[in-house]
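Sequential numbering from 1 along the given sequence is applied to the chain's residues.
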Amino acid sequence: MSFLALTVPMGLGIAKAMADPMPIAVLRTLDKVTARVNTIQVPVGSSTELGALQVTVRACDKRPPEETPESAAFLEIQETKEGEPSKTVFSGWMFASSPSLSALEHPIYDIWVVDCVKSDTSESGTTP
């Protein structure tokens with residue numbers, strides 16, 4: 001029996017979980033100074049400001065319902081301080097199921113991914 005004959009059947013049985021790209025990332029933010037929590041929706045390719053931070057969503061993927069639930073967004077977060085050039089404080093994937101796996105480390109703000117959605121929902125706004 002050849003090596004190829006052993007590896008091909010095993011490779012056929014592995015189904016790769018594919019995520020569906022979504023146009024809107026749902027993010028939750030925490031201002032550690034005021035303890036204010038907000039849920040915002042940011043379209044992929046767009047930016048939003050949170051104090052001195054500019055949050056840009058580059059991608060947002062969600063697994064289909066038949067797979068293990070997971071939403072992930074690729075975020076680029078830059079901080080601009082007065083009199084200084086802006087600097088990137090985070091660039092990478094954030095996962096809804098494991099926010100601490102890849103987290104923004106900032107003294108004033110926390111940002112994490114909640115979901116990826118197809119259209120604007122009523123979840124946007126301030127959480128009491």
Side-chain angles (χ1 to χ4, degrees):
M1 193 177 271
S2 73
F3 176 72
L4 183 59
L6 290 175
T7 57
V8 171
M10 287 189 287
L12 293 176
I14 299 173
K16 197 172 193 181
M18 298 299 291
D20 296 324
M22 297 286 170
I24 299 173
V26 180
L27 308 175
R28 189 147 297 143
T29 65
L30 168 65
D31 182 328
K32 296 175 188 177
V33 175
T34 64
R36 186 166 288 207
V37 177
N38 289 314
T39 302
I40 57 173
Q41 295 189 2
V42 184
V44 171
S46 298
S47 298
T48 189
E49 290 187 8
L50 178 63
L53 301 181
Q54 180 176 0
V55 181
T56 304
V57 177
R58 297 290 180 202
C60 199
D61 295 337
K62 184 175 187 172
R63 285 193 188 156
E66 61 273 4
E67 299 290 334
T68 305
E70 181 63 274
S71 293
F74 190 91
L75 304 179
E76 291 177 352
I77 303 173
Q78 294 194 341
E79 181 175 32
T80 304
K81 293 182 180 176
E82 191 174 326
E84 296 179 22
S86 64
K87 71 175 186 175
T88 301
V89 292
F90 182 86
S91 180
W93 288 94
M94 284 190 182
F95 301 92
S97 65
S98 304
S100 63
L101 181 64
S102 179
L104 167 70
E105 302 213 4
H106 193 270
I108 299 173
Y109 299 104
D110 278 346
I111 299 172
W112 61 97
V113 175
V114 176
D115 200 2
C116 296
V117 295
K118 288 185 180 182
S119 63
D120 193 13
T121 63
S122 60
E123 189 176 339
S124 181
T126 304
T127 304

Check against side chain to side chain contact (heavy atoms under 4.5 Å, CB included), Thr68 and Arg63: CA-CA 7 Å; Thr68 305; Arg63 285 193 188 156; 3.4 Å; yes
Side chain Arg58, main chain Phe74, donor-acceptor under 3.5 Å: no
Stepwise salt bridge (charged side-chain N to carboxylate O under 4.0 Å, His left out) test for Asp110 and Lys32: CA-CA 7 Å; Asp110 278 346; Lys32 296 175 188 177; 3.3 Å; yes
In one Ile/Leu/Val/Met/Phe/Trp/Tyr side-chain cluster, 4.5 Å: Ile108, Val89: yes
Qualifying disulfide (SG to SG under 2.5 Å) pairs with a residue from residues 18-84, counting only residues at least two apart or across chains: Cys60-Cys116
Value rounded to 0.5 Å, distance of CD in Gln78 from OG1 in Thr56: 7.0 Å
Donor-acceptor contact present, side-chain Ser47 to main-chain Gln54, <3.5 Å: no
Glu82 CD: over 12 foreign heavy atoms closer than 6.0 Å: no
Chi angles and distances behind the side chain to side chain donor-acceptor pair (under 3.5 Å) call for Glu70, Ser97: CA-CA 6 Å; Glu70 181 63 274; Ser97 65; 2.5 Å; yes
Least distance between heavy atoms, Ile24 atom then Gln41 atom: CG2-CB, 3.7 Å
Path from Val113 to Leu53 over hydrophobic side-chain contacts below 4.5 Å: yes
Other residues, nucleotides, ligands: >12 heavy atoms within 6.0 Å of Glu105 CD: no
Heavy-atom closest pair, residues Ala96 and Pro99: O-CD, 3.7 Å
Phe95 reachable from Leu75 in the ILVMFWY side-chain graph, under 4.5 Å edges: no
same_hphob_cluster(Met94, Val42) at 4.5 Å side-chain heavy-atom cutoff: yes
Atom pair NZ (Lys62) and CD (Glu67), whose distance is rounded to the nearest 0.5 Å: 13.5 Å
Partner of Leu27 by side chain to side chain contact (heavy atoms under 4.5 Å, CB included), out of Leu50, Val114, Ile40, Asp115: Ile40
Single-linkage hydrophobic cluster, 4.5 Å side-chain cutoff, Met22 and Val55 together: no
Donor-acceptor under 3.5 Å (Lys87 side chain, Lys81 main chain): no
Asp31 side chain vs Val33 backbone, donor-acceptor pair below 3.5 Å: yes
Separation between CD1 of Ile111 and CZ of Phe90, rounded to the nearest 0.5 Å: 9.5 Å
Heavy-atom side-chain contact between Leu30 and Arg36 under 4.5 Å: no
Rounded distance (nearest 0.5 Å) linking atom CD1 of Ile77 with atom OG of Ser91: 9.0 Å
Side chain to side chain, Asp20 and Pro64, heavy atoms closer than 4.5 Å: yes
